[in-house]
There are 2 protein chains.
Amino acid sequence: MKKIEQRLTENGVRPTAMRLLIYKYLAEKEVAISLTDIEAAFAKAERTTLYRTLRTFEEKKIVHQIDDGTGIQKYALCEPGCDCNLEQDLHLHFHCNNCDETVCLTEHKIPHINLPEGFVAEDANLVLKGICDKCSGQ
Amino acid sequence: MKKIEQRLTENGVRPTAMRLLIYKYLAEKEVAISLTDIEAAFAKAERTTLYRTLRTFEEKKIVHQIDDGTGIQKYALCEPGCDCNLEQDLHLHFHCNNCDETVCLTEHKIPHINLPEGFVAEDANLVLKGICDKCSGQ
DNA sequence: CTGACCTATGCAACGGAAGTGCATTATTGT
DNA sequence: ACAATAATGCACTTCCGTTGCATAGGTCAG
């Protein structure tokens with residue numbers, strides 16, 4: 001828990017009780033988490049607080065937002081030291097059509113694409129959909 | 001207009017007046033279109049009709065849905081003869097952060113990705129974001 | 001220690017977009 | 001022309017993201 005506190009402080013986020021819990025929750029889960037997921041996990045907490053916490057975490061590069069094509073915004077902890085905006089840190093995500101979970105494949109970077117004349121890429125998002133390892137093994 | 005009628009019929013969609021107009025609208029625009037866009041263009045038409053028309057078009061492989069990361073579903077005409085579900089027909093999309101338009105780069109297919117053991121990909125979505133050719137030229 | 005200040009939290013409400021149920025109107029085939 | 005089927009229109013609902021404002025809690029200067 002001390003480590004989490006330190007991590008938050010380093011990134012300029014005041015380590016309140018709620019924030020520590022949310023961070024802990026994100027760290028335990030190994031999949032991308034939606035606001036609704038967290039809301040369900042912390043029944044007592046206010047939707048807005050959770051919402052703003054995630055937003056703060058995102059601004060301070062503690063989590064990155066994931067658009068997995070479900071239309072629901074999800075979040076996952078950033079790797080320590082990663083800068084989510086750099087092309088080299090853009091990894092792909094895998095969404096399982098069976099269990100409906102989305103995982104970061106941090107080892108798989110998005111390949112560089114040669115765009116037509118005039119197009120300048122600043123960001124990229126690649127989501128693969130199918131059956132994940134847990135579900136295909138059954 | 002006769003051609004459009006034929007195209008719809010071939011794909012098993014009854015060519016009603018509304019549908020022909022929507023198809024024509026999609027054909028003229030060279031960017032991905034949202035429900036709201038169409039709604040604005042056909043002020044007289046019912047939202048639901050437009051919604052269901054797009055859905056029907058999608059089912060019958062006349063348009064493909066595009067998730068460009070804005071959280072708004074968009075649609076664009078399929079290339080004739082394409083099967084949007086086949087890996088070989090999966091192209092990437094470019095979303096301009098300046099004009100907020102999304103275009104299909106049908107020539108640019110999504111590169112094949114080698115996934116870890118146990119993952120089976122069925123579909124893929126790649127969106128690049130940045131400045132498009134029209135906006136960068138100014 | 002204490003008051004002023006800033007930040008985080010809680011509460012209420014809004015707004016956009018997707019989606020559904022049902023009645024009505026148009027089309028098709030016999 | 002009629003029955004069957006499909007499309008359209010209207011009224012709602014739900015879900016999620018988002019914002020405004022009041023309150024509570026932590027921080028810092030004096």
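Quick caveat: nothing in here was measured; it's all calculated off a predicted structure. Letters A, B, ... are given to chains in the order of the sequence lines, protein chains preceding strands, and every chain is numbered from 1.
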* What is the distance from CG of A/D37 to C1' of D/dC16, rounded to the nearest Å? -> 13 Å
* Asked: Do the side-chain N and O atoms of A/H95 and A/T102 include a donor-acceptor pair separated by under 3.5 angstrom?
  -> yes
* Judged by modelled atom types alone, do A/H108 and B/N114 share a side-chain donor-acceptor pair under 3.5 Å? -> no
* Would you jot down, in residue-number order, the residues of residues 2-29 of chain A having a non-hydrogen atom under 4.0 Å from DNA chain C? => A/R14, A/T16, A/M18, A/R19
* In residues 44-75 of chain A, which ones come under 4.0 Å of DNA chain D, going by heavy atoms? -> A/R47, A/T48, A/Y51, A/R52, A/R55, A/I72, A/Q73
* Could you tell me which non-hydrogen atom of A/Y75 sits nearest to which non-hydrogen atom of A/L26, and how far apart they are? => O-CD2, 4.2 Å
* **Nucleotide range of DNA chain C lying under 4.0 Å from chain A heavy atoms** => C/dT7 to C/dA12
* To do: Please determine if B/E58 and B/R55 form a salt bridge, counting it only when a charged side-chain N lies under 4.0 Å from a carboxylate O.
  => no
* Report the C-alpha separation of A/K129 and B/E122 in whole Å, then their side-chain angles, then the decisive distance to 0.1 Å, and conclude whether the salt bridge (charged side-chain N to carboxylate O under 4.0 Å, His left out) test is met. => CA-CA 6 Å; A/K129 295 176 196 175; B/E122 293 170 349; over 6 Å; no
* Asked: Do you know the tightest heavy-atom contact between B/Y51 and B/L35?
  -> N-CD1, 3.6 Å
* Asked: With sugar-phosphate meaning primed atoms plus P, OP1 and OP2, does A/S34 contact a base, only sugar-phosphate, or nothing at under 4.0 Å between heavy atoms?
  -> nothing
* Passing option when B/K74 is tested against B/D67, B/T36, B/D68 for side chain to side chain donor-acceptor pair (under 3.5 Å) -> B/D68
* Do A/I72 and B/I72 belong together in a cluster built from hydrophobic side chains that touch within less than 4.5 Å? -> no
* Just wondering, are more than 12 heavy atoms of other shown residues or ligands nearer than 6.0 Å to NZ in B/K109? -> yes
* Structure fact -> In B/T49, B/V13, B/I4, the residue satisfying side chain to side chain contact (heavy atoms under 4.5 Å, CB included) with B/R19 is B/V13
